[in-house]
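Heavy-atom basis, side chains included; hydrogens, waters and symmetry copies ignored.
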Amino acid sequence: MAGEIPLATSIATLLLTALSMAAVLAGLRLQRRIQPEVFRGLLRKLLCLMAAALTLQVALHLARS
């Protein structure tokens, strides 16, 4: 029915939310313990990795279509 969310989607959303919260807390702790330049470098590399993963995902999706 319209407006219903499948159970699998709900579980996946909860798991991703918990993972995101844990990542934010880990980032905050890490940020306090290392130099700002090092943290910025790590963050930049992580964001580039995420962008590459999303680009690959789109490319694979378009290749299958």
Side-chain angles (χ1 to χ4, degrees):
M1 290 196 116
E4 290 185 14
I5 299 174
L7 182 60
T9 302
S10 298
I11 292 171
T13 301
L14 284 173
L15 291 175
L16 287 174
T17 300
L19 179 64
S20 298
M21 290 172 58
V24 167
L25 290 174
L28 288 173
R29 284 186 160 194
L30 182 64
Q31 184 182 17
R32 282 188 230 134
R33 298 182 194 281
I34 62 175
Q35 297 294 323
E37 299 83 23
V38 175
F39 185 76
R40 265 194 302 274
L42 289 172
L43 190 58
R44 185 172 288 127
K45 288 177 184 176
L46 178 63
L47 291 174
C48 287
L49 181 65
M50 289 171 63
L54 290 172
T55 303
L56 179 62
Q57 184 179 14
V58 169
L60 289 173
H61 176 71
L62 292 175
R64 291 180 185 165
S65 299

What pairs of donor and acceptor atoms, side-chain ones from residues 26-49 against any protein atom, are under 3.5 angstrom apart with sequence neighbours left out?
none

Identify all side-chain donor-acceptor contacts of residues 11-20 below 3.5 Å with residues at least two apart in sequence or on another chain.
residue : atom : partner : partner atom : Å
Thr13   : OG1  : Thr9    : O            : 2.8
Thr17   : OG1  : Thr13   : O            : 2.8
Ser20   : OG   : Leu16   : O            : 2.8

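Going from atom CE of Met50 over to atom OG1 of Thr55 covers 11.5 Å, rounded to the nearest 0.5 Å.
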